[in-house]
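Here is the structure we will look at.
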Amino acid sequence: MYGIGGLVFLLALSSSLAQNATHSQIVAGMDKLFEVVDINNNTFVELTELEAAWERFDADGDGRVSEAEYEQFGTDHTYRGIIFQEMDYDGDGYVGRAAIMGEYTVMDTNSDNTVSRGEFDKYYTALVENAILNYGHLLG
């Protein structure tokens, strides 16, 4: 599950990333993302912070983010479409709000109810790498 954090990640990726991005390039993109999601600047991501980010993306308030809403808040870069595809598990063109809890649970590997920077980076690195692996052929 990648949910809203994955959507927020879209904003942080640089348009200069190429299809064969290195691990260090992906991790470098985490700096901006972490700043965006860590609203209270306590160096941890809390569930309420992911929920607040979700509300910014869910423009029509229907509890799910459509590809159009995702595109509205994203930057124009190579990975834009494939990251959404990676997050849209059932292929219906939406990422549901329920994904937030699942995403947060997966990120919080030590179950302390906060996501550290290390946990955060590991999760999003896997998101981008999986998107490239699974959908990179769509990049042209």
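- Within the 4.5 Å cutoff, the side chain of Lys122 has no heavy atoms near those of the Met107 side chain.
- Without hydrogens or angle criteria, Asp88 side chain to Phe84 main chain gives no donor-acceptor distance under 3.5 Å.
- Note that OG1 of Thr125 and CG of Asp121 are 6.0 Å apart. Values are rounded to the nearest 0.5 Å.
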Apply side-chain contact (heavy atoms from CB on, under 4.5 Å) to Phe44 and Arg117, showing your working. CA-CA 6 Å; Phe44 293 94; Arg117 178 61 192 260; over 6 Å; no
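- Once rounded to the nearest 0.5 Å, the distance linking CG of Asn42 with CD of Glu49 reads 6.0 Å.
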Take Tyr135 and Gln85, measure what side-chain contact (heavy atoms from CB on, under 4.5 Å) needs, and give me the verdict at the end. CA-CA 8 Å; Tyr135 301 100; Gln85 296 302 316; 3.9 Å; yes
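- Here the side chains of Glu46 and Asn40 are in contact, with some heavy-atom distance below 4.5 Å.
- To the nearest 0.5 Å, atoms OG (Ser66) and CG (Asp60) are separated by 6.5 Å.
- Between the side chain of Tyr104 and the backbone N or O of Asn113 there is at least one donor-acceptor pair closer than 3.5 Å.
- Taking the six-membered ring where the residue is Trp, Phe120 and Phe34 present perpendicular rings, their angle passing 60° and hence far from 30°.
- Note: the hydrophobic cluster containing Tyr70 does not contain Tyr94 (ILVMFWY, side chain heavy atoms under 4.5 Å, direct or indirect links).
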One pair to check against side-chain contact (heavy atoms from CB on, under 4.5 Å): Leu50 and Val37. What are the steps and the verdict? CA-CA 7 Å; Leu50 283 179; Val37 178; 3.8 Å; yes
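- Using modelled atom types, no side-chain atom of Glu67 and backbone atom of Gly93 make a donor-acceptor pair closer than 3.5 Å.
- In the hydrophobic cluster analysis, where Ile, Leu, Val, Met, Phe, Trp and Tyr join through side-chain heavy atoms closer than 4.5 angstrom, Leu138 is grouped apart from Leu133.
- Residues Ile39 and Ala52 approach most closely at CD1-CB, 3.7 Å, considering heavy atoms.
- Put simply, the side chain of Glu86 never gets that close to the backbone of Leu127: no donor and acceptor are under 3.5 Å apart.
- Judged by distance alone, the side chains of Thr109 and Glu119 do bring a donor and an acceptor atom under 3.5 Å apart.
- To the nearest 0.5 Å, the span separating CG on Asn134 from CD on Glu129 amounts to 11.5 Å.
- Side-chain contact between Arg64 and Asp58 is absent, with no heavy atoms from C-beta onward closer than 4.5 Å.
- Proximity of Thr114 to Val45: side-chain heavy atoms (C-beta onward) are nowhere separated by under 4.5 Å.
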